[in-house]
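Residue numbers start at 1 and run along the sequence shown.
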Amino acid sequence: MARSLILAAGAIAALTGGSAAAQSATDTKSFTVTGNVPALCSGGTIAGAGSTFDLGVLVDTSTGVLRTDLAAPPKTLTGAFCSAQSTITVAATPLAAQNFTATPPAGFSRSVNYTATASGWTTTPASFATGAATNAAATQTRATAFSGDITVGIGTFGTSGGNALRLVADTSYVGVVTVTLAVAN
């Protein structure tokens, strides 16, 4: 009888062990991996010959009025990107005499207006005219993330106060064009 109990106990252990082994030989746990990418923009780097639009002599030396053929090659910002919806804004200040700061005499002006543009980021270039009362086109919005070049240009020059005015003599007329990329809200 003792032998029967031992065999019965062995059979029960075999059945119990067998059912435990049939349940699972492995157990799996999952872990979530998280991270984030902030919305950010970079204006890239200025390609080529630097960041100065050098127009040279602004006036026709035989008449003293603003040259009608003023031009400067565009500048390119390479490697610009925004990781989210973005806006591009261009702003500019007139070319103004830096040393002659007094009110100019009758028939003269001390500044030149122009239009600055930033293209390639949006379908419609951002555009800012320094002599305009408002500049609705200065800011343009892009609905998606983007990476690409931005071409910055200047043109459409005009003497502040009217093109019949002459510019006062000054060794330094300076204006500034600013291009800003920003994450759109």
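Applying the disulfide (SG to SG under 2.5 Å) test to pairs two or more places apart or on separate chains, none has a residue in residues 97-185. Residue pairs meeting the side chain to side chain donor-acceptor pair (under 3.5 Å) criterion with at least one partner in residues 100-110, sequence neighbours excluded, are absent. Counting only residues at least two apart or on different chains, the disulfide (SG to SG under 2.5 Å) pairs with a member in residues 79-183 are Cys41-Cys82. For the ring-ring contact (aromatic ring centres under 6.0 Å, His included) condition, the pairs that include at least one residue of residues 130-153, sequence neighbours left out, are Trp121-Phe146.
Closest of all the heavy-atom pairs between Ser111 and Ser160 is OG-OG, 2.8 Å. The minimum heavy-atom distance between Gly158 and Asn163, with the atom names listed, is CA-OD1, 3.3 Å. A pairwise comparison of heavy atoms in Arg142 and Gln85 identifies O-CG, 2.9 Å as the closest pair. When all heavy atoms of Val168 and Pro105 are compared, the pair lying nearest together is CG1-CD, 4.2 Å.
Listed by chain and residue number, Ala39, Val183 satisfy the side chain to side chain contact (heavy atoms under 4.5 Å, CB included) test with Ala84 (two or more places apart in sequence, or in another chain). For the side chain to side chain contact (heavy atoms under 4.5 Å, CB included) test, residues two or more places apart in sequence or in another chain that qualify with Ser172 are Gln98, Asn99, Asp170, Val174. Applying the side-chain hydrogen bond (donor to acceptor under 3.5 Å, both in side chains) rule to Thr117 yields no partners; only residues at least two apart in sequence or on another chain are considered. Taking the side-chain hydrogen bond (donor to acceptor under 3.5 Å, both in side chains) definition, one finds that Asp27 meets it with nothing, sequence neighbours left out. Taking Thr159 as the reference, nothing meets the side-chain hydrogen bond (donor to acceptor under 3.5 Å, both in side chains) condition, with sequence neighbours excluded.
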**Message:** Between Thr122 and Thr141, does the side-chain contact (heavy atoms from CB on, under 4.5 Å) criterion hold? Intermediate values first, please.
**Reply:** CA-CA 7 Å; Thr122 52; Thr141 300; 5.9 Å; no
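With hydrophobic clusters built from ILVMFWY side chains whose heavy atoms lie under 4.5 angstrom apart, Ile154 shares a cluster with Val152. In the hydrophobic clustering of this structure, Leu167 does not group with Val65; members are Ile, Leu, Val, Met, Phe, Trp, Tyr whose side-chain heavy atoms approach within less than 4.5 Å, directly or through other members. The hydrophobic cluster containing Val59 also contains Phe157, counting ILVMFWY residues as joined when their side-chain heavy atoms lie under 4.5 angstrom apart, directly or transitively.
Expressed to the nearest 0.5 Å, how far OG1 of Thr68 lies from CG of Leu70 amounts to 8.0 Å. Atom CG of residue Asp60 and atom CZ of residue Arg67 lie 8.5 Å apart, to the nearest 0.5 angstrom. The OG1 atom of Thr151 sits 6.5 Å away from the CG atom of Asp149 when rounded to the nearest 0.5 Å. Distance CZ/Phe128 to OG1/Thr178: 9.5 Å, rounded to 0.5 Å. The distance from the CD1 atom of Ile150 to the NZ atom of Lys75 is 15.5 Å, given to the nearest 0.5 Å.
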Listing, residues 44-58 side-chain donor-acceptor contacts under 3.5 Å, not counting sequence neighbours, or none:
unit_1	atom_1	unit_2	atom_2	d
Thr45	OG1	Thr78	OG1	3.3
Asp54	OD1	Gly56	N	3.0

All N/O donor-acceptor pairs, side-chain side in residues 131-139, below 3.5 Å, sequence neighbours left out:
unit_1	atom_1	unit_2	atom_2	d
Asn135	OD1	Ala129	N	2.7
Asn135	ND2	Ala129	O	3.2
Thr139	OG1	Thr89	OG1	3.0

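Under the 4.5 Å side-chain criterion, counting only non-hydrogen atoms from C-beta, Thr87 is not in contact with Leu181.
In the hydrophobic clustering (ILVMFWY side chains linked at under 4.5 Å, chained through shared members), Leu40 is joined by Phe81.
Of the candidates Asn113, Thr115, Thr93, Asn113 is the only one forming a side chain to side chain donor-acceptor pair (under 3.5 Å) with Thr130.
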